[in-house]
Amino acid sequence: MIRITRTVKHSASGQNYINLYPALISLVEQHLPSGYKNLFARPHQASDGAIEWYSDINGQPVSLTALPVAEKEKAQALLQQKLVVIEQLYHRLAAANAAPAEVMQVLSLAARQPDERGVWVIDGQPVITAWSESPTAPVMPAAPVVNKGRRGLWLLLLVLLLLALLALFLLRGCVPAAKPPAPAAPAPLPVKQICPAERTKQQAPEMVLIFDASGSMAISMDATPDELRRLMQDKPVKNIEREPRRISLAHRSAKQVIDEVPKDMDISLVSAATCQQVFVSPALPFAQRNVLKQAIDKIQPVGKTALAEALEKAGKLVDGVDRDAIIVLITDGEETCGGDPCEVARQLKLKKPRLQVNVVDIMNTGAGNCIASNTGGAVYAVNNTHEFNEMMSQAIKEYIPEGCD
């Protein structure tokens, strides 16, 4: 995943788009070929409030406005083709009432012609980071043509209407004035954004940390591309497991995240050592967070990558129906034990609609993309040592209420 650009100022509809992006992409993936989801950049709200835009397409992002004329026209033609398909999808789903209203609103916004300044091109593919938010002007009906022969009738009706309005005006003092409607109550906050002091223990979200403890997690995070290439070719690589190892950074960042999690949220731990060796801890309360940290430090790389089995076991640890639940999956590669983590994630979401899985993707392998999209979660790519803590924090940010004591 690469960062395209960042938007410092954004509107309320932009924030709404951030919140609904996972549902929008899930909808697009469900009804359109896989390439269409890449039309929409992935938003990520930075710590300073700006929106950072990312794409799964590899390459150098170039603003549409900066392209040579021929390349720009080609990209614009491709953009128009894709927007037509998105608009057709919108009308089809609207006719069938097949998606929530708020998601349809974002889909409608995404189908509009974007401002050129918000369009980037990566490897020849247009990627949108901003939409035109002005509503489409309504079509006004044509003024009626009055038949001159019936003009007298229209004048009579107009006089009678004015007399009726005058009578109502004179009688208004005899009718008690209606009380103005009470202001609508503000929409309640999602439970995950309510401070612990204002929600019950039974309302608090549940959390599971999944560690991919496969052998590749022993590789140094500072390994060079040449070293990784030689390793993939089964050639000897000297000191490839030097610090900082991927597993060591995962330990450190996970323990930091645990300190940020609200005190009323219990946390479980799943360690996927290798095929059929996935270990589970019970949900630990706030008082046992040091015990949880000690358990994390004991996780060491072992064998193959058992993502499907780890997800299945993690899903059994949470409610996900009457309570919100967040699973944070830390992984650096694809399933290698024969399971289907994409299908496991899809089934989990069907059974537990309030569950989401956020993926911390070490080295941006893309292995967890379907897991996140199938559960309404997001992928946070870690490309180097310095990004680890930030991406881990972002993975749980929406479950940390603001302004609490």
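The model shown is predicted, which means the values in this text are computed figures rather than measured ones.
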Going by heavy atoms in the side chains, are Ile362 and Ser216 under 4.5 Å from each other? no
Just checking Arg242: does its CZ atom have more than 12 heavy atoms from other residues, nucleotides or ligands closer to it than 6.0 angstrom? yes
Would you kindly say whether Gln356 and Glu398 are connected by a side-chain donor-acceptor distance under 3.5 Å? yes
Would you call Ile258 and Ile296 a side-chain contact if the rule is heavy atoms closer than 4.5 Å? yes
With side chain to side chain donor-acceptor pair (under 3.5 Å) as the criterion, how do Asp222 and Ser220 come out once you've worked through the C-alpha distance, each side chain's angles and the decisive distance to 0.1 Å? CA-CA 5 Å; Asp222 291 342; Ser220 172; 4.9 Å; no
What class does the angle between the rings of Phe211 and His251 fall in, given that below 30° is parallel, 30 to 60° is tilted and above 60° is perpendicular? tilted
Report, as yes or no, whether the 6.0 Å neighbourhood of atom CD on Glu402 holds more than 12 heavy atoms from other residues, nucleotides or ligands. no
Approximate separation, where rounding is to 0.5 Å, of Asn358 CG and Met392 CE: 10.5 Å
Salt bridge check, Glu387 against Arg3: does any charged N sit closer than 4.0 Å to a carboxylate O? no
Full working for side chain to side chain donor-acceptor pair (under 3.5 Å) between Gln76 and Glu116: CA-CA 9 Å; Gln76 285 175 322; Glu116 284 191 357; 2.8 Å; yes
With rounding to the nearest 0.5 angstrom, report the CD1 to NZ distance, Ile400 to Lys397. 9.5 Å
For Leu269 and Ala295 the tightest heavy-atom approach is CD2-CB, 3.8 Å
Kindly give the heavy-atom pair with the smallest separation between Ala272 and Ala306, and that separation in Å. CB-O, 4.0 Å
Test item: side-chain donor near acceptor, Gln80 and Gln113, under 3.5 Å: yes
Heavy-atom side-chain contact between Met363 and Met221 under 4.5 Å: yes
Shortest non-hydrogen pair, Pro205 vs Arg323, comes out as O-NH2, 4.4 Å
Look at Asp226 together with Lys235 and state whether they make a salt bridge at an N to O cut-off of under 4.0 Å. no
What distance do His31 atom NE2 and Tyr36 atom OH have between them, rounded to the nearest 0.5 Å? 14.5 Å
Should Glu73 and Val69 count as side-chain neighbours, where that means a heavy-atom distance under 4.5 Å? yes
Non-hydrogen side-chain atoms of Lys72 and Leu64 separated by less than 4.5 Å: yes
Indicate yes or no: at least one non-hydrogen side-chain atom of Leu39 is less than 4.5 angstrom from one of Leu79. yes
Taking atom CD of Glu312 and atom CG of Asp340, what is their separation to the nearest 0.5 Å? 11.0 Å
In a check of side chain to side chain contact (heavy atoms under 4.5 Å, CB included) between Thr129 and each of Thr5, Ile51, Asp115, Val119, which one passes? Thr5
Measure the spacing between NZ of Lys316 and NZ of Lys313 and express it to the nearest 0.5 Å. 8.0 Å
Strictly below 4.0 Å, N to O, side chains only: are Arg246 and Asp332 in salt-bridge contact? yes
Pair Asp324 + Arg354, salt bridge at N-O below 4.0 Å: yes
Do you know which two heavy atoms are closest between Gly315 and Ile327, and how far apart they sit? N-CD1, 4.2 Å
Going by heavy atoms in the side chains, are Arg92 and Leu89 under 4.5 Å from each other? yes
Grab the two heavy atoms, one from Ile194 and one from Arg199, that are nearest each other, plus how far apart they are. O-NH1, 3.1 Å
Between Ala223 and Leu228, which heavy-atom pair has the shortest distance, and what is it? CB-CD2, 3.9 Å
Rounded at 0.5 Å granularity, tell me how far CG in Leu311 sits from CD1 in Ile371. 5.0 Å
Less than 4.5 Å apart, side chain to side chain, heavy atoms only: is that true for Glu309 and Cys337? no
How about NZ on Lys201, more than 12 heavy atoms from neighbouring residues, nucleotides or ligands closer than 6.0 Å, or not? yes
For the pair Arg346 and Glu343, find out whether any cationic side-chain nitrogen is under 4.0 Å from an anionic carboxylate oxygen. yes
